[in-house]
Amino acid sequence: MKIVLYGRQGHSYTVAFKNFLNSTDEKYVYKDVAKDAEAREHSKELYGGVVKYPTLFVDDNVYLTPTTEEFNKIMQDLKLRA
């Protein structure tokens, strides 16, 4: 399974999602859209020219600005637990 999270340092959802992922044994990649030009440009492509976050990628699935409830459901479906 490949998990990538786009976010921004200090952003509440980004921090919460990273904290959860850090508490699991699953490896993931984090990209800060403020520091990573490639992630920032990719975000603009996904959101029609605007940088938004968080964005979660799980294998071939893309979740645009998931809420906490949506994130929790995705993690449950993946059988990931803190």
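Atoms considered below: every heavy atom in the structure, side chains included; atoms not considered: hydrogens, waters and symmetry mates. Everything numeric here is computed off the predicted structure, so don't read it as measured data.
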Minimum side-chain heavy-atom gap Ile74-Phe17 below 4.5 Å:
no
Identify, with sequence neighbours excluded, every residue that meets side chain to side chain contact (heavy atoms under 4.5 Å, CB included) alongside Thr67.
Glu69, Glu70
If you define the side chain from C-beta out and look only at heavy atoms, does anything of Tyr30 sit under 4.5 Å from Val4?
no
Just list the side-chain donor-acceptor pairs under 3.5 Å for residues 49-62, sequence neighbours left out, or say none.
{"unit_1": "Thr55", "atom_1": "OG1", "unit_2": "Tyr47", "atom_2": "OH", "d": "2.8"}
{"unit_1": "Asp59", "atom_1": "OD1", "unit_2": "Lys2", "atom_2": "N", "d": "2.8"}

Decide yes or no for Tyr13 and Thr65: does some side-chain heavy atom of the first lie under 4.5 Å from some side-chain heavy atom of the second?
no
Verify same cluster id: Leu64, Val29 (apolar side-chain graph, 4.5 Å):
yes
Can you pull out every salt bridge (charged side-chain N to carboxylate O under 4.0 Å, His left out) where at least one residue sits in residues 71-82? Sequence neighbours excluded, please.
Lys73-Asp77
Set of residues satisfying side-chain hydrogen bond (donor to acceptor under 3.5 Å, both in side chains) with respect to Tyr63, sequence neighbours excluded:
none
So, for Leu80 and Phe20, which heavy atoms are closest and what is the spacing to 0.1 Å?
O-CZ, 3.5 Å
Could you walk me through whether Met75 and Thr24 satisfy the side-chain contact (heavy atoms from CB on, under 4.5 Å) test, starting with their C-alpha distance in whole Å, then the side-chain angles of each, then the deciding distance to 0.1 Å, before giving a yes or no?
CA-CA 10 Å; Met75 295 301 108; Thr24 71; over 6 Å; no
By the salt bridge (charged side-chain N to carboxylate O under 4.0 Å, His left out) test, which pairs, at least two apart or in different chains, include something from residues 24-38?
none
For Ala37, all residues meeting side chain to side chain contact (heavy atoms under 4.5 Å, CB included), sequence neighbours excluded:
Arg40
